[in-house]
Enquirer: 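My structure is below; once you've seen it, I'll send some questions.
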Amino acid sequence: MSVIERRLLVNYRTDPETTARLLPAPLRPQVVNGWAVAGICLIRLAGVRPPGLPAPIGLRSENGAHRIAVEWDTPGGVAHGVYIPRRDTGSRLNAWAGGRVFPGHHRLSRFDVQENPDALRIAFRDADVCVRTTAALTGSHLFDNLDQASEFFRRGAAGFSSTPDPTRLDGMELRTPDWRVTAVELTSVRSTFFDNPVRFPPGSALPDCGLLMRDVTASWHPLPPMTVRPVALSR
């Protein structure tokens, strides 16, 4: 169990063919309005604890994940989720436990957070993001409105993370009884993942929109590992 004190989704629109080359089979990019959807999830968790422990016992940490919205075929039909090639955390315990105690390998990073009611800046080794609050979702090439964007990310709650074994992804699913997001305006975005011209040639990865979630109870559930065929392009 945990509380999502703050979850910022910084969303990019990316070229589908370029994005597909970064995905291990059988994953393929979800395409919305002609674009693949990717981005950075910046999350502050509090009260992280195994089921059964009292609320005062728990961890608090800043975390970041670079993600690509994906789909894949299952016996029951097409499934949706996110592929996570890179995870970072400000918690030494998370960095040690990721891949051992719970799914998902994490790199230890230093997070710099500046926050007030109208604006938010989060920076760590691979990203530096500034946003400010806004009344509505505007300017997005992916989504027509906030409800459409919210539903897209709500159904992509299953995340599969890269591991030291290139043929296996660790799986985790986010469950929350009170899903709600608000829109934010992206004022400045830097990412070593999306700004790398070898990975994304100029014009193939563009910041699109931002969503913010605050003070939501959540639980995280391991999923069976996924066997994949590694990609040839270095990340």
Side-chain angles (χ1 to χ4, degrees), residues 1-11 22-30 37-53 58-74 76 78-109 111 124 126-127 150-179 181 193 211 213 216-228 230 235:
M1 297 296 293
S2 63
V3 174
I4 297 175
E5 290 190 343
R6 180 252 301 131
R7 185 182 190 221
L8 174 63
L9 297 179
V10 178
N11 305 312
L22 303 175
L23 299 177
L27 301 179
R28 56 183 181 266
Q30 291 190 57
V37 184
I40 313 165
C41 175
L42 298 160
I43 188 168
R44 182 169 63 212
L45 294 174
V48 180
R49 65 191 188 280
L53 287 182
L59 302 175
R60 190 168 187 263
S61 62
E62 293 282 352
N63 306 274
H66 284 75
R67 320 177 332 149
I68 299 171
V70 294
E71 61 183 27
W72 63 98
D73 296 322
T74 74
V78 177
H80 301 89
V82 293
Y83 168 61
I84 305 169
R86 187 175 299 178
R87 284 188 181 272
D88 288 83
T89 181
S91 164
R92 292 184 180 275
L93 181 58
N94 284 357
W96 175 85
R100 294 185 175 96
V101 179
F102 54 81
H105 289 252
H106 293 63
R107 299 184 307 170
L108 184 63
S109 295
F111 283 74
F124 65 103
D126 289 325
S150 176
E151 177 60 20
F152 178 87
F153 291 104
R154 185 195 64 79
R155 70 174 185 167
F160 287 89
S161 304
S162 61
T163 72
D165 179 353
T167 67
R168 192 192 85 244
L169 302 180
D170 281 347
M172 184 81 80
E173 183 180 29
L174 166 65
R175 299 178 189 172
T176 175
D178 189 23
W179 177 273
V181 298
F193 184 82
L211 302 174
M213 175 184 289
V216 173
T217 301
S219 58
W220 309 83
H221 300 263
L223 297 172
M226 180 183 292
T227 300
V228 296
R235 289 184 295 273

Enquirer: Is the shortest heavy-atom distance from the side chain of Phe193 to the side chain of Ile40 under 4.5 Å?
Expert: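 Side chain of Phe193 against side chain of Ile40, heavy atoms only: no contact under 4.5 Å found.
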
Enquirer: Specify the closest pair of heavy atoms between Phe124 and Gly64, including all atoms of both residues, with the distance to one decimal.
Expert: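 Shortest heavy-atom separation between Phe124 and Gly64 comes out as CZ-CA, 4.4 Å.
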
Enquirer: Taking side-chain contact (heavy atoms from CB on, under 4.5 Å) as the test, write out the residues that go with Glu71, two or more places apart.
Expert: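 So Glu71 forms a side-chain contact (heavy atoms from CB on, under 4.5 Å) with Arg28, Gln30, Val78, His80.
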
Enquirer: In chain order, what residues pass the side-chain contact (heavy atoms from CB on, under 4.5 Å) check against Val82, with sequence neighbours excluded?
Expert: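 side-chain contact (heavy atoms from CB on, under 4.5 Å) list for Val82, sorted by chain: Arg67, Ile84.
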
Enquirer: Restricting to salt bridge (charged side-chain N to carboxylate O under 4.0 Å, His left out), what partner residues turn up for Arg6, sequence neighbours left out?
Expert: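 Here the qualifying residues are Glu62.
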
Enquirer: What closest approach, in Å, do Phe152 and Ala69 show between heavy atoms, and which atom pair accounts for it?
Expert: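 Closest approach of Phe152 to Ala69, heavy atoms only: CZ-CB, 3.8 Å.
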
Enquirer: If I compare all heavy atoms of Pro85 with all of His66, which pair ends up nearest, and what's the gap?
Expert: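 Shortest heavy-atom contact: CD-O, 3.1 Å.
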
Enquirer: How would you list, by chain and number, every residue that makes a side-chain contact (heavy atoms from CB on, under 4.5 Å) with Ala25, sequence neighbours excluded?
Expert: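 Ala25: side-chain contact (heavy atoms from CB on, under 4.5 Å) contacts with Arg229.
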
Enquirer: At what distance, to the nearest 0.5 angstrom, does OG1 of Thr74 lie from CH2 of Trp72?
Expert: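 The distance works out to 8.5 Å.
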
Enquirer: So, using salt bridge (charged side-chain N to carboxylate O under 4.0 Å, His left out) as the criterion, who are the partners of Arg175 when residues are at least two apart?
Expert: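 Scan of Arg175 (salt bridge (charged side-chain N to carboxylate O under 4.0 Å, His left out), adjacent residues dropped) gives Glu173.
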
Enquirer: Does a side-chain heavy-atom distance below 4.5 Å link Ile4 with Leu45?
Expert: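 A side-chain contact exists here, since the closest heavy-atom pair is under 4.5 Å.
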
Enquirer: Are the side chains of Leu9 and Leu42 in touch, meaning some heavy atoms are under 4.5 Å apart?
Expert: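 No, their side chains stay 4.5 Å or more apart.
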
Enquirer: In Å, rounded to the nearest 0.5 Å, how long is the span from OG of Ser162 to OH of Tyr83?
Expert: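 It comes to 5.0 Å.
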
Enquirer: Out of Val228, Thr167, Val70, which one pairs with Pro24 under the side chain to side chain contact (heavy atoms under 4.5 Å, CB included) rule?
Expert: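 Of the listed residues Val228, Thr167, Val70, the side chain to side chain contact (heavy atoms under 4.5 Å, CB included) partner of Pro24 is Val228.
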
Enquirer: Look at the side chain of Thr176 and the backbone N and O of Thr217, then say whether any donor-acceptor pair between them is shorter than 3.5 Å.
Expert: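 Answer holds: yes.
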
Enquirer: I need the Ser61 OG to Ile43 CD1 distance, nearest 0.5 Å.
Expert: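 Going from OG on Ser61 over to CD1 on Ile43, the span is 8.5 Å.
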
Enquirer: Go through the side-chain N and O atoms of Thr89 and Asn63 and say whether any donor and acceptor fall under 3.5 Å apart.
Expert: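 A donor-acceptor contact under 3.5 Å links the two side chains.
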
Enquirer: Under 3.5 Å, side chain of Thr163 to main-chain N/O of Arg168, donor-acceptor pair present?
Expert: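 It does hold such a pair.
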
Enquirer: Inspect the contact between Arg86 and Asp88 and indicate whether a charged nitrogen and a carboxylate oxygen are less than 4.0 angstrom apart.
Expert: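 No.
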
Enquirer: When rounded to the nearest 0.5 angstrom, what distance separates CZ in Phe160 from CG in Asp170?
Expert: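 One finds 9.5 Å between CZ of Phe160 and CG of Asp170.
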
Enquirer: Nearest 0.5 Å please: distance from the OG atom of Ser2 over to the CZ atom of Arg44.
Expert: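 So the OG of Ser2 and the CZ of Arg44 are separated by 13.0 Å.
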
Enquirer: At their closest point, which heavy atom of Pro166 faces which heavy atom of Pro164, and how far apart are they?
Expert: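 Closest approach of Pro166 to Pro164: CD-O, 3.3 Å.
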
Enquirer: With side-chain contact (heavy atoms from CB on, under 4.5 Å) as the criterion, how do Leu169 and Leu27 come out once you've worked through the C-alpha distance, each side chain's angles and the decisive distance to 0.1 Å?
Expert: CA-CA 11 Å; Leu169 302 180; Leu27 301 179; 3.9 Å; yes

Enquirer: List in chain and number order the residues that pass side-chain contact (heavy atoms from CB on, under 4.5 Å) with Ser150, two or more places apart in sequence or in another chain; answer none if no residue qualifies.
Expert: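 Once residues adjacent in sequence are excluded, the partners of Ser150 under the side-chain contact (heavy atoms from CB on, under 4.5 Å) criterion are Trp179, Val181.
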
